[in-house]
Amino acid sequence: MLKLSYSSLLVSLALISAGSVSATEADANKLAVQDQLPNQTAETYPRPPGWDKLPEGEFGEKVLRGYKNFVDTQSLSPQYTGNGLNCVNCHTDAGRKENSAPLWAAYMSYPVFRAKNNRINSFEERMQGCFMFSMNGASPDYGSDALIDLSAYAYWLAQGTLTGEDFDPKDMAVPSDAELLKGGKREDFPFMKAYLDKGGSKEPALVGRAYPTTPEPEQAPDIARGKAVFEQECSVCHGENGEGQQVNNRYVFPPLWGPDTYNWGAGMQRVNTAADFIKHNMPLGQPNKLTDQQAWDVAMYLDTRDRPQDPRTKGDVAETRKEFHGKTSYYGTEVEGKILGSESFPNHPNKPQ
Ligand code: HEC
Ligand code: HEC
């Protein structure tokens, strides 16, 4: 167990992860400033394994490819992405950071029932969802190499994180690809079984999973107040119009609305989910800087801006709203004189690579 602080490692990982391995020094300096701000995550969370714990051989190669795909999805999975994002943009620190939907907690939470599609979802199916909606892309096929590699990365992170300092990759059971894709929440899963045999609780404690709930604020969220928060706290990195910033054709700071970001079917377009993410992860490197009210206000501002269409639509916005969108989504509602979703950007456009 170790106190996680915003080290320069995290900041440089964010840089790499934003797809900007070739980012200029000026960008690096801009981010380094963030590093000097006081650490505001005082809680203690389990710690993911370091690269010295990478297993040798074929499985280690899968883990490494999965990691690369996660932080630079644009380069490794161009056929599956329809916007400018990488997985890591919403699962920060390469999917390792607590309260940022970390992969180690996610992996041990599947298979599980999801209301979104009304069935039990395997880990690979959950990732397909993020490709389709958050990445505005095309789902990789069941059992495809990309999903196997990403599962291997998540499995390794889960094992290392939950085993703690005793973790030795040489002792790690190597599941078959088919097993790996299902997720770890199964008594017959090698790691889960070992954990239970050791006298672990019924399920590993997954503190830090997902984005913690940010309570609804006293006042209903408000676009004008949200815009003011955006201009003060966010636009310096994400651009005046939420368009992000690119270096060498890759986003260093990801776009928040417009054609190149998450679509109207994504989790992040729900105001509560965006508020939860923002409260605990934004501004970058300053979790909990915003009040709950500010997080909800700015979340509403983002999620009332247009973005790529909901890929589940059959053409009728009102129908799509009724079928797929609850009260936490503004899709299909009238905002600033326009029905959101009526003129959205395309799904999975064939963008030049
Ligand atoms: C635009 C933001 C965004 C991007 C980009 C994104 N995701 Fe997600 N992802 C989310 C949100 C939001 C959730 C739901 C978190 C929650 O339950 O609160 C989620 C959930 C998940 C989960 C399940 C987490 C859990 O604990 O149940 C997995 C696994 C996952 N994403 C994998 C991926 C992968 C792989 C990629 C890249 C192909 C990706 N995500 C890209 C926003 C994103
Ligand atoms: C110091 C620069 C910086 C500031 C300031 C900042 N962000 Fe971010 N933001 C980032 C980076 C970089 C990422 C991608 C994180 C990663 O890849 O590790 C990101 C990711 C995001 C994402 C998920 C990815 C996407 O494109 O949708 C959202 C939403 C977001 N920021 C919202 C905000 C909001 C709202 C604010 C203001 C309260 C804010 N950010 C302030 C740098 C910043």
Side-chain angles (χ1 to χ4, degrees), residues 10-11 13-20 30-31 33-34 37 66 69-71 73 76-77 80-81 83-95 97 99-110 112 114 116 121 123-137 139-140 146-147 150-151 153-154 183 206 208-213 226 229-238 242 244-245 251-257 260-263 266-270 272-279 281-286 289-290 294-295 297-299 301-303 307:
L10 170 53
V11 174
L13 261 171
L15 246 189
I16 295 166
S17 64
S20 63
K30 195 155 69 181
L31 275 181
V33 174
Q34 294 297 315
L37 293 162
N69 206 337
F70 199 80
V71 299
T73 324
L76 273 88
S77 289
Y80 304 129
T81 58
N83 60 22
L85 302 187
N86 297 305
C87 306
V88 66
N89 292 157
C90 308
H91 303 270
T92 61
D93 190 17
K97 192 182 160 296
N99 302 335
S100 193
L103 284 179
W104 44 266
Y107 190 76
M108 298 313 285
S109 307
Y110 292 81
V112 77
R114 287 189 79 210
K116 184 162 181 167
N121 286 211
F123 189 69
E124 70 171 327
E125 195 167 4
R126 182 65 190 81
M127 291 193 292
Q128 285 176 327
C130 267
F131 272 106
M132 179 119 80
F133 303 111
S134 294
M135 305 294 291
N136 189 35
S139 289
L147 294 176
L150 286 163
S151 301
Y153 176 50
L206 297 173
R209 185 180 169 207
Y211 314 129
T213 302
V229 174
F230 182 80
E231 282 163 2
Q232 195 177 333
E233 302 284 355
C234 323
S235 61
V236 59
C237 293
H238 291 288
Q245 292 189 52
Y251 285 103
V252 190
F253 299 110
L256 306 182
W257 64 90
D260 226 6
T261 188
Y262 58 93
N263 69 34
M268 199 63 90
Q269 64 83 35
R270 292 192 310 252
N272 59 327
T273 305
D276 295 347
F277 171 79
I278 292 164
K279 170 83 182 168
N281 295 284
M282 290 292 141
L284 187 72
Q286 299 179 73
K289 179 178 185 194
L290 303 186
Q294 287 175 314
D297 287 344
V298 76
Y301 179 60
L302 304 188
D303 284 344
R307 51 191 65 263

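Keep in mind that the numbers below use all heavy atoms, side chains included, and drop hydrogens, waters and symmetry copies. Note that ligands are numbered from 1 as they come in the structure, with each ligand's atoms numbered from 1 the same way.
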A.B. asks: List every atom of ligand 1 that sits less than 4.0 Å from any heavy atom of Met135, numbering the atoms from 1 in the order shown and giving each element.
C.D. replies: 5 (C), 38 (C)
A.B. asks: Under 4.0 Å from any heavy atom of Phe253, which atoms of ligand 2 are there?
C.D. replies: 2 (C), 12 (C), 42 (C)
A.B. asks: If every non-hydrogen atom of Ser77 is compared with every non-hydrogen atom of Ala146, which pair is closest and at what distance?
C.D. replies: OG-CB, 4.3 Å
A.B. asks: Who are the salt bridge (Lys or Arg N to Asp or Glu O under 4.0 Å) partners of Asp276, not counting sequence neighbours?
C.D. replies: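 Asp276 satisfies salt bridge (Lys or Arg N to Asp or Glu O under 4.0 Å) with no residue once adjacent residues are dropped.
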A.B. asks: Please list, in number order, the atoms of ligand 1 under 4.0 Å from a heavy atom of Thr273.
C.D. replies: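 The list of qualifying atoms is 12 (C).
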A.B. asks: Which option, Phe70, Tyr211, Phe131, Tyr107, owns the non-hydrogen atom nearest atom 15 (C) of ligand 1?
C.D. replies: Tyr211
A.B. asks: Taking all heavy atoms of His91 and all of Cys130, pick out the closest pair and write down the distance.
C.D. replies: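 Closest pair (atom of His91, atom of Cys130, distance): NE2-SG, 4.4 Å.
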A.B. asks: Which is it for Ile278 and ligand 2 at heavy atoms under 4.0 Å: side chain, backbone, both or neither?
C.D. replies: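 Looking at Ile278 and ligand 2, just side chain atoms fall under 4.0 Å.
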A.B. asks: Closest approach of Pro212 and Asn99, non-hydrogen atoms and distance?
C.D. replies: CG-OD1, 3.3 Å
A.B. asks: If I take atom CE from residue Met282 and atom CG from residue Leu290, how far apart are they, to the nearest 0.5 angstrom?
C.D. replies: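 With rounding to 0.5 Å, CE (Met282) is 10.5 Å from CG (Leu290).
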A.B. asks: Hey, which atoms in ligand 2 end up nearer than 4.0 Å to a heavy atom of Leu284?
C.D. replies: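 By the 4.0 Å cutoff, the relevant atoms are 3 (C), 4 (C), 6 (C), 7 (N), 12 (C), 42 (C), 43 (C).
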A.B. asks: Kindly compute the distance separating CG (Asp260) from OH (Tyr251), expressed to the nearest 0.5 Å.
C.D. replies: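 These two atoms lie 3.5 Å from each other.
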A.B. asks: Identify, by atom number and element, the atoms of ligand 2 in contact range of Pro283, meaning under 4.0 Å from any of its heavy atoms.
C.D. replies: 5 (C), 6 (C), 41 (C)
A.B. asks: Side chain, backbone, both or neither: which part of Asn86 comes within less than 4.0 Å of ligand 1 when only heavy atoms are counted?
C.D. replies: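 Asn86 to ligand 1: backbone contact only, side chain stays beyond 4.0 Å.
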A.B. asks: With distance as the sole test, does Ser109 use its side chain to make a donor-acceptor pair with the main-chain N or O of Ala105 at under 3.5 Å?
C.D. replies: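 Indeed, once roles are kept as given, a pair shorter than 3.5 Å links the two residues.
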A.B. asks: Taking a cutoff of less than 4.0 Å between a non-hydrogen atom of the residue and any ligand atom, is Pro255 in contact with ligand 2?
C.D. replies: yes
A.B. asks: If hydrogens are left out, which of Met282, Lys279, Gln269 has an atom nearest to atom 20 (C) of ligand 2, that is, the closest non-hydrogen atom?
C.D. replies: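 Checking each option, the heavy atom nearest atom 20 (C) of ligand 2 is found in Met282.
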A.B. asks: Is there a side-chain contact between Pro254 and Tyr262, using heavy atoms and a 4.5 Å cut-off?
C.D. replies: no
A.B. asks: Counting only heavy atoms, tell me which of Arg270, Glu124, Arg209, Arg126 gets closest to atom 22 (C) of ligand 1.
C.D. replies: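 The residue whose heavy atom sits nearest atom 22 (C) of ligand 1 is Arg126.
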A.B. asks: Protein N/O/S atoms under 2.8 Å of atom 8 (Fe) of ligand 1?
C.D. replies: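 The answer is His91 NE2, Cys130 SG.
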A.B. asks: Looking only at protein heavy atoms, identify the closest one to atom 18 (O) of ligand 1 and say how far it is in Å.
C.D. replies: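 Answer, as residue, atom name and distance: Ala210 CB, 3.7 Å.
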A.B. asks: So, is Asn281 placed with an N/O/S atom under 2.8 Å from atom 8 (Fe) of ligand 2, counting both backbone and side chain?
C.D. replies: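 No - counting backbone and side chain alike, Asn281 has no N, O or S atom under 2.8 Å.
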A.B. asks: Do Phe230 and Leu302 have side chains that approach each other closer than 4.5 Å (heavy atoms only, starting at C-beta)?
C.D. replies: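 Yes, their side chains come closer than 4.5 Å.
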A.B. asks: Using a 4.0 Å heavy-atom threshold (strictly under), name the region of His238 that reaches ligand 2: side chain, backbone, both or neither.
C.D. replies: side chain
A.B. asks: Side chains of Phe70 and Met127: does their closest heavy-atom pair fall under 4.5 Å?
C.D. replies: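 They are not in side-chain contact.
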A.B. asks: Heavy atom under 4.0 Å from ligand 2: found in Phe230's side chain, backbone, both, or neither?
C.D. replies: neither
A.B. asks: Check Cys87 against Asn69 and note the closest heavy-atom contact, atom names and distance.
C.D. replies: SG-O, 4.4 Å
A.B. asks: Tell me the protein heavy atom at minimum distance from atom 24 (C) of ligand 1, and give that distance in Å.
C.D. replies: Ala106 CB, 3.5 Å
A.B. asks: Which of the numbered atoms in ligand 2 are below 4.0 angstrom from a heavy atom of Val88?
C.D. replies: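 Reading through ligand 2 atom by atom, the close ones are 16 (C), 17 (O), 18 (O).
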A.B. asks: Looking only at non-hydrogen atoms, find the nearest pair between Gly208 and Pro102 and report the distance.
C.D. replies: O-CD, 3.2 Å
A.B. asks: Is the shortest heavy-atom distance from the side chain of Lys289 to the side chain of Pro283 under 4.5 Å?
C.D. replies: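 Yes, side chains in contact.
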A.B. asks: Tell me whether Thr92 has any N or O atom under 3.5 angstrom from an N or O of ligand 2.
C.D. replies: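 For ligand 2, there is no N or O atom that lies under 3.5 Å from one belonging to Thr92.
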A.B. asks: What distance separates Met268 CE from Asp303 CG, expressed to the nearest 0.5 Å?
C.D. replies: 8.5 Å
A.B. asks: Return yes or no for this condition: an N or O of Glu233 is under 3.5 Å from an N or O of ligand 2.
C.D. replies: no
A.B. asks: Considering only heavy atoms of Leu85, which atoms of ligand 2 have at least one such atom less than 4.0 Å away?
C.D. replies: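 Listed by number with element, the hits are 26 (O).
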A.B. asks: If the cut-off is 4.0 Å to any non-hydrogen atom of Phe123, which atoms of ligand 1 fall inside it?
C.D. replies: 29 (C)
A.B. asks: Output the list of atoms in ligand 2 that are nearer than 4.0 Å to some heavy atom of Leu290, sorted by atom number.
C.D. replies: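 Selected atoms, number and element: 38 (C).
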A.B. asks: Answer yes or no: is there a side-chain heavy-atom contact under 4.5 Å between Phe253 and Val236?
C.D. replies: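 A side-chain contact under 4.5 Å is absent here.
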A.B. asks: Between atom 8 (Fe) of ligand 2 and Cys234, is there an N, O or S atom separated by less than 2.8 Å?
C.D. replies: no
A.B. asks: Rounded to the nearest 0.5 Å, what's the gap from OH on Tyr110 to CZ on Arg126? Could you check?
C.D. replies: 4.5 Å
A.B. asks: Which of these, Trp104, Tyr110, Tyr153, Tyr80, has its nearest heavy atom closest to atom 23 (C) of ligand 1?
C.D. replies: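 Of the listed residues, Tyr110 has the closest heavy atom.
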A.B. asks: When rounded to the nearest 0.5 angstrom, what distance separates CG in Leu85 from CG in Asn136?
C.D. replies: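 If I round to the nearest 0.5 Å, the distance is 9.0 Å.
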A.B. asks: Looking at non-hydrogen atoms alone, which of Tyr251, Trp257, Phe277, Tyr262 comes nearest to atom 27 (O) of ligand 2?
C.D. replies: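 Of the listed residues, Tyr262 has the closest heavy atom.
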A.B. asks: Are Tyr80 and Thr73 close enough that some pair of their side-chain heavy atoms sits under 4.5 Å apart?
C.D. replies: no
